[in-house]
Asks: 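My questions all concern the structure below.
Proteins get letters first, then strands, A, B, ... in listed order; numbering begins at 1 in each.
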Amino acid sequence: MLDIKFIRENAEVVKTAVKNKNDNADINLILELDEKKRTTQYEYDTLRAEQKKISKQIPILKKEKKDVSDILKQMKDAAQKLKELSSQTSAIENQLHQELLRVPNIPAENVPVGKDESSNRFVREWGEKRKFDFEPKDHLAVAEKMQYLDFKRSSKLSGSGFAAYVGAGARLERALINFMLDFHLKNHDYKELSLPFIVNRQAMVGTGQLPKLEDDMYHINEDDMFLIPTAEVPVTNYFADEILSYKDIPKKFVAYSPCFRREAGSYGKDTKGLQRLHQFNKVEMVRLVHPKDSYAVLEEMVQDAEHIVQALGLHYRVVELATGDLSFASAKTYDIEVWAPGSQKYLEISSISNFEDFQARRASLRFRDEDEKVKYLHTLNGSGVATPRTYIALLETYQLKDGRIELPEILQPYL
RNA sequence: GGAGAGGUGACCGAGCUGGCUGAAGGUGCUCGCCUGCUAAGCGAGUGUGGGGGUCAUACUUCACCGAGGGUUCGAAUCCCUCCCUCUCCGCCA
């Protein structure tokens, strides 16, 4: 969420940002509601102050045995008027709040402006595309030969968009998760969290999935709860509504979770095999940091994720997202795309974002700084990394001519 | 699911026979004093959010005592609904 004061004073900046993000939030409506809210509230505050003042006199007058029936009568009218004003104010306030929750975060200054991923900026790459002396198969073909996956049977259970990992194939998936968690714990000094995979509405609002992206979330009607689309949600909201001390930060967490996404409106788009699933596993990094550090930390997190891909010996490239490709809540995002030689394309396996104070404001994540002032934290998160597409890259990169695969040494202890 | 207890400021904890309570006391924190250093001690200050006001302070006002309603001139205090925590019982693993 953006600060209403900031919007009030920088309306044009915000409007440009909204446009660059291909969003349609109505800033004029917000300004109007803000104005209206302040007027109504001022009226309420003034009358209420008067009411309190007079109310305080009543017991004193009574003590002096004076007649207060006139005052009481007059106060009754004031009370009625106050009731009206207060419900008016809260109605406006509510509407304003709902509108504010729909305003996207402002892209950071150096983010390339552009309407979609075609404007993304290449940052760097690592390794190179593996060369084969035979025609490399795609991951589905490899998986079939190895009997790692069974989509026919998973669809019997849950329809399309779900995977069944079988035998050594299931083990490889689990190996990846454990390897990545251990790697971050040992080499990057993260603290592991294992949190609920089902969260309430407030948590989803806190990280910015709601209200805009509700259609893409799995909702449990009976309890008004949601299956998490990423561990970012429970982990980031972990300290919601608290005021930490500057001594308590930075926080550095890594968490494994399954991720549930309805992927509404993405039919047929790169959905083959493991590419796009309604349920997949991911190891997520989350940082809660002092505002002055967040951009340095962003760079660090990209490298934390890169180290994983490097350890697996997979060729990848890093791109910086253009404004139009940034997510709703993000101010700046890097993607890591791994090379899948069988499919002959790069697959996004990690998205690392700085949200600045956007999520912190929604979830009320604050800290008391050295100067005693209460400030919003900056939040960041990044995949470290998502398993299905890493799985694809592994199968395709390490396949042998005879159809078997030879996985990197570093995974061996987990297999 | 049933019975009981409870949810108050960064934290702990009073108040809960309605007005003098934004809220005692303590801890923590900040500043000062004291101390050879450390610890202890002494003094002062210290809630969050919004509005008005100011160059900025000052000042002023409103909201907030789990959430939402209600009663009342006036509610942390009374009533209703819901949520959460703890203890016991039941149920399932």
Asks: Using Watson-Crick or G-U wobble geometry with both distances under 3.5 Å, which nucleotide pairs with G4(B)?
Replies: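 Base partner found: C86(B).
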Asks: When you measure from the side-chain N and O atoms of Gln51(A) to the phosphate of G74(B), is any distance below 4.0 Å, counting only OP1 and OP2?
Replies: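 Yes, because at least one side-chain N or O of Gln51(A) sits under 4.0 Å from OP1 or OP2 of G74(B).
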Asks: Using Watson-Crick or G-U wobble geometry with both distances below 3.5 Å, tell me the partner of C20(B), or none.
Replies: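 Across all strands, not a single nucleotide pairs with C20(B).
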Asks: At under 4.0 Å, does any side-chain N or O of Lys56(A) touch on OP1 or OP2 of U21(B)?
Replies: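 No, Lys56(A) has no side-chain N/O under 4.0 Å of OP1/OP2 on U21(B).
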Asks: Of the listed nucleotides (G49(B), G19(B), C73(B)), which one gets closest to any side-chain atom of Arg366(A)?
Replies: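 So the side chain of Arg366(A) is nearest to G49(B).
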Asks: Has Arg368(A) got a side-chain N or O lying under 4.0 Å from the OP1 or OP2 atom of U48(B)?
Replies: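 For U48(B), OP1 or OP2 has a side-chain N or O of Arg368(A) closer than 4.0 Å.
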Asks: Do the charged groups of Lys332(A) and Glu356(A) touch, with an N to O distance under 4.0 Å?
Replies: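 Not counted as a salt bridge, because no side-chain N and carboxylate O are separated by less than 4.0 Å.
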Asks: Please check the phosphate of U61(B) (OP1 and OP2 only) for any side-chain N or O of Arg48(A) closer than 4.0 Å.
Replies: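 Answer is no, no contact under 4.0 Å.
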Asks: I need the NZ-P distance between Lys373(A) and U48(B), as an integer number of Å.
Replies: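 Going from NZ in Lys373(A) over to P in U48(B) covers 11 Å.
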Asks: If you pin Gln41(A) and Ile58(A) to their nearest nucleotides in RNA chain B, which one's is more 5'?
Replies: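 It is Gln41(A) whose nearest nucleotide is closer to the 5' end.
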Asks: Do the side chain of Asp45(A) and the base of G50(B) come within less than 3.5 angstrom through a donor-acceptor pair of N or O atoms?
Replies: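 Answer is yes: a donor-acceptor pair is held.
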Asks: Is the phosphate of G50(B), meaning OP1 or OP2, less than 4.0 Å from a side-chain N or O of Arg8(A)?
Replies: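 The answer is no; no side-chain N or O of Arg8(A) sits under 4.0 Å from OP1 or OP2.
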Asks: Taking for each residue the nucleotide of RNA chain B with the nearest heavy atom, is it Lys52(A) or Lys5(A) whose nucleotide lies nearer the 5' end?
Replies: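 Counting from the 5' end, the first nearest nucleotide belongs to Lys5(A).
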